[in-house]
Amino acid sequence: ESKQTINTDLVTLTRFILEEQNRYAPHATGELTLLLNSLQYAFKFIAHTIRRAELVNLIGLAGITNATGDDQKKLDVIGDDIFINAMKSSGNVKVLVSEEQEDLIIFEGSEGNYAVCCDPIDGSSNLDAGVSVGTIFGVYKLQPGSKGSIKDVLRSGTEMVAAGYTMYGASAHLMLTTGHGVNGFTLDTHLGEFILTKPHLKVPEKKAIYSVNEGNSYYWPKEVQDFIASLKLPQEDNNGKPYSARYVGSMVADVHRTLLYGGLFAYPADSKSKTGKLRVLYECFPMALLMEQAGGEAVNDKGQRILDLIPKKIHERSGIWLGSKKEVEKLLQYIKN
Ligand code: AHG
Ligand code: MN
Ligand code: MN
Ligand code: MN
């Protein structure tokens, strides 16, 4: 009979971060480690709140809109409050950008050396239907000598020192990079610990799955329509079968599947959203950094590397295509002008 062995040597997120710090930054102050622990506390609290939302009538609209024109859900606002308080009390964060806050937040009394960009609840339009949502985050170290200003976040994505997301699905899944690859953790609610479950995750080099909202196709530029149409034809390199279409409508869920299975996720700019829908600082950059660290690619509608963009505004948007290297390369044949 199969001997059910219990893993008595669990790698928790806290242990993992300390081991990474000792391996890659032995002389570090430990501030980023503390910041990541405050982030994990925020994810646990948001996960707990989302699981009980329906029971405590937290579903539904808050009746207000945010800086990017989204209708705010009650959980958008609660997730944002949880996140802001966790970052403020960490003592390591000086500057905070949130989808749900029109302006930059600067924690005046803080001595923190980090700036955090976050999407507290991504996919919130799906919340009432019980579809997976998540929290996306990206971390910059303040620039040398900076006391904390907007200049610390209007920077290229290549300068992010950490990024990732926690998807609140059947379990809470945290995917994290600190620049040394991607590692996946699953929340054990009994222990209250994120446990390492997907070490050194690599995205498959190719996969015949495309993930885009076809409801926008009337508004796409011609080269995008032609490219997506080409995926619906029998593919030589896919045993004569066309691509499968998979679209959840929560970026975190669509990117999580793309990281694990491979494929291509896209939210292209179109004639109704001329600069795309997804926001650079707290959706495009973190997901692009994760994808590149996992061996994939992430480009904008001109085929330029997402991480090289430099946003001029904190809620700036961009078209984005990300996923398996081979799938992005197929796209570039159509859009690289
Ligand atoms: P958010 O809920 O944080 O505002 O993000 C919603 C985004 C993203 O999660 C998803 O990829 C995209 O909206 C879906 O947009 P469509 O419904 O237009 O496809
Ligand atoms: Mn929103
Ligand atoms: Mn979002
Ligand atoms: Mn959001």
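Quick note: numbers below take in every heavy atom, side chains included, and nothing from hydrogens, waters or symmetry partners. We count ligands from 1, going down the list as the structure has it; atoms in each ligand are counted the same way.
- Among the atoms of Ile121, an N, O or S atom is found under 2.8 Å from the Mn ion (ligand 4).
- Between Ile195 and the options Thr186, Leu174, Thr12, a side chain to side chain contact (heavy atoms under 4.5 Å, CB included) holds for only Thr12.
- Within Glu283, the N/O/S atom positioned nearest the Mn ion (ligand 3) carries the name OE2.
- Using a cutoff of 4.0 Å between basic side-chain nitrogens and carboxylate oxygens, Lys326 and Glu205 are scored as salt-bridged.
- Atom OD2 is the N/O/S atom of Asp70 found closest to the Mn ion (ligand 2).
- The angle that Asp119 OD1 and Glu99 OE1 make at the Mn ion (ligand 4), rounded to 10°, works out to 90°.
- The pair Lys277-Asp70 fails the salt-bridge criterion, with no side-chain N (NZ, NE, NH1 or NH2) lying under 4.0 Å from an Asp/Glu carboxylate O.
- Shortest non-hydrogen contact noted between Ile335 and Asn300 is CD1-O, 3.7 Å.
- Looking at Lys312 and Glu316, no side-chain N of the basic residue comes within less than 4.0 Å of a carboxylate O on the acidic one, giving no salt bridge.
- Among the backbone and side-chain atoms of Asp122, an N/O/S atom is found under 2.8 Å from the Mn ion (ligand 3).
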